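Working notes for the structure below.
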Amino acid sequence: MAAASSQIRAASLEEPLYYLYNIDSVIQWVRHHYEDIFSADEQYLLDTIQQLDITSRATLCRLIMRRGEWFRDDRLNYPEIGDINTPLRHLAEHDLIHYPAVCRLTELITLCRVAELRQLWAIHAEGPPPQGKDALLLQLSALDDGISRPLDEWWPTAPFQLISLRCQAIFDILKMLFFGNAQQDWSAFVLTELGHQRYEKVDLDDQHRAFANRTELDAFSAISALGEAHYLQLITPDQVLAHLPKKQAQLWIEYRRQKLLYRASHAIERQGRHQKALTLYRRCGYREAKIRQLRLMEKILPLPLVARYAGWLSKRAKRADWREAAEKVWVRSARKIGQSLPKRQRFSPQLQYIALEKPSYSVERVSREHFHQDEKPCYYVENALLPGLFALTFWEALFAPVPGAFFNPFQRRAADLYQEDFAARRSDIIAKAWHSMHQPNYSQHILTRYRDKAGVANPFAIWGLLDETLLEQALTCIPSAHLSAIFERMFSDLRQHSSGFPDLIQFNLTTGTYQLIEIKGPGDRLQDHQLRWLAYFEQHGIPAVVCHVSWHQP
DNA sequence: ACCTGGCACACACCT
DNA sequence: GCCCGCGCAG
DNA sequence: AGGTGTGTGCCACTGCGCGGG
Ligand SMILES: [Mn+2]
C-alpha cells in the first residue's frame, strides 16, 4: 500500500486545524507501518485517541505541542477550538489528561508569576517574601512535602485549574517512529508549508522503516534520553554507562551508542579518572576515541610503551586521521626518550601573507574584498561550493529511492548516506553521474539542476552561499579532472570529507584558472582535516594557498 | 537533522 | 519604560 | 615566539507578546 505513505503531506496553514490534520496523519502513518511495535495497551491508547471527537483531539494536540506536562487552563486561548472546557473534560474522562489535576507544590509554582508566588508565600510561609523570582521559587520549593493535593488546598482562591498531560510518552514514540530520529518535531510540517525548509520528493519506501523492532526503538530512545540528560549534567557519566544499551546490530543506532560512550568516557577523563577513561576509550569505536586514547596514553603511561604503540598504529591504523594522530604522538614520545627517528618530510602548504585594515566583520570577508577584482572575482564559499557541486553532480544517487533509504517526506538525506556500502548500493546511478562529468554539456546540466534544486535540504550544498554566476565560473575555471579528484575523496568518507575546504575561491576569467585560498587570521591555525585536504590538493595539482592575514597598525 | 557540526577563537602549557 | 529571554505560533 | 592541546562560542525560520529585572 504505497498510497498510505504518500498521503503524508503537510496540511495547508489556511486550515484552522492544520496541526490536528498533521498529527492525525502521522498517527495513521505510524500505525500502518509500525502496528507490530506497539503493546496492546499502547494500541488501546491510540484507538482511544483516534476515536475522540475532533475538538478534543485538537485540544490534545495543542497540549502535546506545548512544552512540558503541566498547564493552567487560563493560559489556553485557541479561537479555532472555542470553549476549551468541554474538550478538556472529555480528555480527562479518557485519562489522557488530569483535569482538574492534583499537584505537588513544585509543580504548581513553576506555572506561577511573581505576584502569584507572593500570594502563595503569604499562605504557606512566614515573614516577607524573598526578593526575585528565583529566590521565591527556591524557598517555596523547600516547602514541597512530596504530596499531591487539589489546587484549592494549596491556593483556595486560585484563578485557574491545572492540567497534567498523561500521554506524552506515546506521542514521543509516534514522533520518533515517524521521523526516525529524536530531534525533528511537529514544526517540520509548518516549516515546509512556510517554505523555510524544502525536502526532496522521493518515492517513499513502504516496505522498510527506520526501526526494525521494539528493541531497536527502545535502545535508540534510551541513547537519546541518556545523551540529553548527560549533556545537561542531570546524570553522571557513570550513570550513562550503567544504562547504556548493549551493542546494536543496526549500524546507525550503534554509531549513536558509540558516540555517547565516547562522551561519557571523555567526561570521566576530565574527572581525572585516567585509567578508567583509557579502558573505555580502548573499547570505543568512535573516531575521536582512538585519538583521545593516544593522547591519554602519552600523558599517563611509560613513554617507551607509548612510542611503541603509537609507532605501530601510525603505520597500521585503518583511518588516515588515526595514523596521523598516532604519528604525532609517536614523534613526540620517541624524541623524549631519545630515540632517533627516520626523517619524514611532512607536507607544508603554500603560504602567502597579507596585511589589512582591521575590519568590524570577519577576516574571511575582508580578505575576500582584498582579493576581489572584476576579472578575478573572489567568493567566500568554505564548504558550500565543492560539496555543492558534488551534490548537484550526484543528486540522483543521493536521493535515489533505494530500499530503506527514505521513509518520510522530511529527510534531508538517505538513511544510509554514511554507511560504507552507500556508493555500492547506487553504483549504476553514480557511474552515470561520473560519466556525465566528462560530457560537453556538464556545465549546463549542473546549472539546470541548480535551478531545479536550489533550496532543497541536503548535507552538502549550502544554498545561501551559491548563485548561478559563481557556479558558472566554477564550472568554467575548475577542470573536471580536479572535480573528479575532489569528489573521489569525498566518496571515500562522506562524513569526514565533506568539510575542511578553503574559505575563498578566486577565478581568473582571463586565463580560465582558479585558486583556493584558506584564510588564517592572527591566532588562527590550520586544522588537521583542512591540512589533509590541502595535501590532497597538492597531490592532484589543485591550486590552493594558505593566506595569513595580519592587521595594519592603526 | 540541534545537544550537533563546522568553524574561529581564547587560553594554558611546552619547547 | 527599556531590554532581554522564552514560549509559542504560523 | 611558535608549536601544541583543549575548551568555548556562534549559528541554526521569523515575529510576537509576555514576564522579569
Ligand atoms: Mn579560515
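As the structure is a computational prediction, the values presented were derived from the model and not from experiment. Below, chains carry the letters A, B, ... as their sequence lines are ordered, and counting in each starts from 1.
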Practice task
Report the C-alpha distance between A:Lys328 and A:Glu298 in whole Å, list the side-chain angles of each, state the deciding distance to 0.1 Å, and finish with yes or no for salt bridge (charged side-chain N to carboxylate O under 4.0 Å, His left out).
Solution key: CA-CA 11 Å; A:Lys328 282 188 187 174; A:Glu298 185 184 15; over 6 Å; no

Problem - Presence of A:Arg332 side-chain N/O under 4.0 Å of D:dG5 phosphate oxygens OP1/OP2 - result: yes

Handout entry: Inter-nucleotide C1' distance (C:dC8, D:dG7), Å rounded
Key = 34 Å

Handout entry: Separation of atom CH2 in A:Trp252 from atom C1' in B:dT4, rounded to whole Å
Key = 16 Å

Handout entry: Pairing of A:Arg62 and A:Glu80 as salt bridge, 4.0 angstrom limit
Key = yes

Practice task
Note the angle between the end axes of the helix from B:dT4-D:dA12 to B:dT15-D:dA1, five pairs defining each, rounded to 10 degrees.
Solution key: 20°

Exercise for the section: Could you work out the separation of D:dT8 and C:dA9 based on their P atoms and round it to a whole Å? Expected result: 35 Å

Problem - Listed nucleotide nearest any side-chain atom of A:Lys259, set B:dA8, D:dG20, B:dT4 - result: B:dT4

Handout entry: A:Glu200 side chain to A:Trp395 side chain, donor-acceptor N/O pair below 3.5 angstrom
Key = yes

Exercise for the section: Give one of base, sugar-phosphate or nothing for A:Val190, where a contact means two heavy atoms less than 4.0 Å apart. Expected result: base

Handout entry: Test log, rule salt bridge (charged side-chain N to carboxylate O under 4.0 Å, His left out), inputs A:Arg287 and A:Asp493
Key = CA-CA 12 Å; A:Arg287 176 184 168 272; A:Asp493 188 340; over 6 Å; no

Problem - Within 6.0 angstrom of A:Arg75 CZ, more than 12 heavy atoms from elsewhere - result: yes

Practice task
Check whether any side-chain N or O of A:Arg292 sits under 4.0 Å from OP1 or OP2 of D:dT6, and answer yes or no.
Solution key: yes

Exercise for the section: For atom CG of A:Asp74, decide whether the heavy atoms of other residues, nucleotides or ligands shown that lie under 6.0 angstrom number more than 12. Expected result: yes

Handout entry: A:Lys276 atom NZ, neighbour heavy-atom count above 12 within 6.0 Å
Key = no

Exercise for the section: Decide if atom CZ of A:Arg495 counts as having more than 12 heavy atoms of other residues, nucleotides or ligands within a radius under 6.0 Å. Expected result: yes

Practice task
Starting from C1' on C:dG10, measure out to CG on A:Leu13 and report it in whole angstrom.
Solution key: 6 Å

Problem - Atom-pair distance (CD on A:Gln197; P on C:dG10), nearest Å - result: 17 Å

Handout entry: base_contact_polar (D:dT4 base, A:Arg525 side chain, donor-acceptor, <3.5 Å)
Key = yes

Problem - Nucleotide of B:dA8, D:dG21, B:dC7 approaching A:Lys133 most closely (side-chain heavy atoms) - result: D:dG21

Practice task
Measure from NZ on A:Lys520 to P on D:dG3 and round the result to the nearest Å.
Solution key: 14 Å

Handout entry: Under-4.0 Å salt bridge between A:Arg257 and A:Glu254
Key = yes

Handout entry: Protein-nucleotide distance (A:Glu364, atom CD; D:dC10, atom P), rounded to Å
Key = 17 Å

Problem - Phosphate OP1/OP2 of D:dG7 contacted by A:His266 side-chain N/O (<4.0 Å) - result: yes

Dump the pairs, protein N or O against N or O of nucleotides 6-9 of chain C, anything under 3.5 Å, distances to one decimal.
| from | atom 1 | to | atom 2 | distance (Å) |
| --- | --- | --- | --- | --- |
| C:dC8 | OP2 | A:Arg67 | N | 3.0 |
| C:dA9 | OP1 | A:Tyr78 | OH | 2.5 |

Practice task
Kindly say if A:His529 contacts the phosphate of B:dG6, meaning a side-chain N or O under 4.0 Å from OP1 or OP2.
Solution key: no

Problem - A:Arg270 side-chain N/O to D:dG7 phosphate OP1/OP2 under 4.0 Å - result: yes

Exercise for the section: Rounded to whole angstrom, note down the P distance from D:dA12 over to C:dG5. Expected result: 15 Å

Handout entry: P atoms of B:dC7 and C:dC3, separation to the nearest Å
Key = 37 Å

Exercise for the section: Figure out the CD/P separation between A:Gln527 and B:dA8, and round it to whole Å. Expected result: 6 Å

Handout entry: Integer angstrom distance from the P of D:dT14 to that of C:dG1
Key = 30 Å

Problem - A:Leu526 CG to D:dG5 P, straight-line distance once rounded to whole Å - result: 14 Å

Exercise for the section: Just do the salt bridge (charged side-chain N to carboxylate O under 4.0 Å, His left out) check on A:Glu116 and A:Arg72 with the steps written out, would you? Expected result: CA-CA 13 Å; A:Glu116 296 169 335; A:Arg72 32 194 287 187; 2.9 Å; yes

Practice task
Indicate whether OP1 or OP2 belonging to B:dA8 is found under 4.0 Å from a side-chain N or O atom of A:Gln530.
Solution key: yes

Handout entry: Minimum-distance nucleotide to A:Glu382 side chain [options: B:dC7, B:dT4, D:dC13]
Key = B:dC7

Practice task
Find the distance A:Glu518:CD to B:dC7:P and express it as a whole number of Å.
Solution key: 8 Å

